[in-house]
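Numbers here are sequence positions counted from 1. Computed from a predicted model, the values in this text were never measured in an experiment.
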Amino acid sequence: MTLGDEQREALMNAVAAKVAVMTGGPGVGKTTLISAIVKIFRAKKMKVALCAPTGRASRRMSEAAGIDAATIHRLLKFDPRTGDFNHNQRRPLDADAVIVDESSMIDVMLAHQLVRAIPPRASLLLVGDADQLPSVGPGRVLKDAIDSGVIPVLRLATVHRQAARSEIISGAHSINAGITPEIRPGGGDASSDLYFFEENEAAAAADLVVSLVRERIPGRFGFHPVDEIQVLTPMQKGELGARNLNVVLQEALNPGTGGVKRFGFEYKHGDKVMQTVNNYHKDLF
C-alpha cells in the first residue's frame with residue numbers, strides 16, 4: 001500500500017493518538033487510511049472494532065479493511081426488548097481500538113452510548129466528512145469534535161488520482177469551495193459520471209425520471225432499472241415527491257395487478273422495498 005505524504009502524516013498521528021478525528025471530503029483517501037490503520041493495529045496483535053451508523057457504511061468499511069464491521073447498534077448489542085445496550089461502562093467492549101466511519105451521522109445520544117462502552121485502555125478514531133449529511137437525531141457530534149480544539153484533527157485535502165477522474169467528486173469539492181461545478185447540459189461523453197438535465201415543469205421532470213430509469217441509463221450503462229438504480233428526491237409530497245415517483249416508477253417498471261394494498265399504496269411481487277425503521281426482531285435494517 002503506497003500512501004502520499006499527507007496520508008502518511010495522518011497515519012502516524014492516528015495510530016499514536018488516544019482519541020482523534022480524521023476528516024476530509026470525498027476521494028481524499030479516508031477509506032484507504034482506515035485499511036492501513038487496521039493493518040498496523042492487527043500486526044501489533046490489537047483487537048480492533050470497526051463500526052458505522054448504518055448497515056451500508058459498515059459493509060463498505062468491512063470490504064475495505066478486510067475484517068468484520070458492524071453498525072454501532074450491533075456492536076453495542078442493542079436489546080429491542082429493553083431499548084438499552086448490553087455494552088456500557090459496566091460491560092465494556094473487548095477492544096483495544098475502535099474506529100467509527102461516517103461519523104457525521106452520529107447523534108449525541110448514540111455517541112454517548114458508544115463512548116461509555118469503550119474500555120479505558122482503548123483508543124477511538126472518528127472518521128467522517130463534516131460537510132456530509134448531519135445526524136437525524138440531536139447534535140452534530142463530528143463537527144463539534146472538530147471545532148472543540150481539544151481532539152487532534154487529521155485533515156485530508158488531496159484528491160487522489162483515481163478519484164480525481166470522477167466528476168461527482170470534483171463537483172462536490174467545487175461546491176464546498178463555493179464554486180458552481182462545470183456540468184455539461186445533458187451530461188457529457190460516456191466516460192462522465194455526472195449529468196444535469198433541466199426541466200421547468202414538474203410533470204415533464206417526472207416523465208424524464210421514468211425515461212432515465214427505464215430506458216436511457218440501462219441503455220447507456222447496462223444497469224438494471226430495479227436492482228442497480230436508486231432515485232433520490234428531497235421531498236415526500238408533490239408530483240416530484242417520493243410518494244408519487246414510487247407510484248409512477250412502479251407503473252413503468254412493474255405493471256400489472258395482484259398486490260397488497262396498505263395505507264393507500266399497492267405493493268406487488270417484484271417491487272423494490274426500502275426498510276426505513278430497524279426491526280431487530282426480524283433482523284431487518
Would you name the heavy atoms of [X] and [Y] that are closest together and state the gap between them?
| X | Y | result |
| --- | --- | --- |
| Ala17 | Ser123 | O-CB, 3.8 Å |
| Ala117 | Leu76 | CB-CD2, 3.6 Å |
| Met61 | Cys51 | SD-O, 3.5 Å |
| Asn254 | Gly270 | ND2-C, 3.6 Å |
| Leu156 | Gln7 | CD2-CA, 4.3 Å |
| Gly222 | Glu228 | O-OE1, 4.0 Å |

Side-chain donor/acceptor of [X] to backbone N/O of [Y], under 3.5 Å:
| X | Y | value |
| --- | --- | --- |
| Arg121 | Ala95 | yes |
| Lys30 | Gly25 | yes |
| Ser62 | Arg59 | no |
| Asp107 | Pro138 | no |
| Asp193 | Ile168 | yes |
| Lys268 | Gly256 | yes |
| Glu102 | Ala52 | no |
| Thr23 | Gly128 | yes |
| Glu6 | Ala157 | yes |
| His173 | Pro26 | yes |

Side chains of [X] and [Y] in contact at under 4.5 Å (non-hydrogen atoms):
| X | Y | result |
| --- | --- | --- |
| Leu194 | Ser170 | no |
| Ser211 | Arg216 | yes |
| Asp101 | Leu50 | no |
| Phe85 | Leu114 | no |
| Leu110 | His73 | yes |
| Ile151 | Ile146 | no |

Apply the test side-chain contact (heavy atoms from CB on, under 4.5 Å) to residues Ile106 and Leu142: give CA-CA distance (whole Å), side-chain angles for both, the deciding distance (0.1 Å), then the verdict. CA-CA 8 Å; Ile106 302 173; Leu142 179 65; over 6 Å; no
State whether the number of non-hydrogen atoms from other residues, nucleotides or ligands found under 6.0 Å of [X] atom [atom1] is greater than 12.
| X | atom1 | answer |
| --- | --- | --- |
| Glu201 | CD | no |
| His269 | NE2 | no |
| Met235 | CE | yes |
| Arg8 | CZ | no |
| Asp227 | CG | yes |
| Arg116 | CZ | yes |
| Lys18 | NZ | yes |
| Lys272 | NZ | yes |

Decide whether [X] and [Y] are clustered together by the hydrophobic rule: side chain heavy atoms of Ile, Leu, Val, Met, Phe, Trp, Tyr closer than 4.5 Å, transitively.
| X | Y | answer |
| --- | --- | --- |
| Phe78 | Met109 | no |
| Leu245 | Phe197 | yes |
| Ile72 | Val115 | yes |
| Ile175 | Val159 | no |
| Leu75 | Leu126 | yes |

Nearest-0.5 Å distance that lies between atom [atom1] in [X] and atom [atom2] in [Y]:
| X | Y | atom1 | atom2 | value |
| --- | --- | --- | --- | --- |
| Asn244 | Glu239 | CG | CD | 6.0 Å |
| His112 | Asn88 | NE2 | CG | 9.5 Å |
| Ile34 | Leu125 | CD1 | CG | 7.0 Å |
| Tyr195 | Leu212 | OH | CG | 11.0 Å |
| Lys47 | Ile67 | NZ | CD1 | 13.0 Å |
| Ser135 | Arg140 | OG | CZ | 10.5 Å |

Kindly determine whether Val209 and Val248 satisfy side-chain contact (heavy atoms from CB on, under 4.5 Å), including the steps that lead there. CA-CA 10 Å; Val209 169; Val248 297; over 6 Å; no
For the pair Phe223 and Phe221, name the ring-plane relationship: parallel under 30°, tilted 30 to 60°, perpendicular over 60°. parallel
Verify side-chain contact (heavy atoms from CB on, under 4.5 Å) between Arg155 and Val28, making sure each step is shown before the conclusion. CA-CA 10 Å; Arg155 298 181 188 273; Val28 296; over 6 Å; no
Do Gln230 and Met274 pass the side-chain contact (heavy atoms from CB on, under 4.5 Å) test, and can you show the C-alpha distance, the side-chain angles, and the key distance before you say yes or no? CA-CA 11 Å; Gln230 180 73 51; Met274 181 183 291; 3.9 Å; yes
Leu33 and side chain to side chain contact (heavy atoms under 4.5 Å, CB included): which single residue from Leu3, Val127, Leu154 fits? Leu3
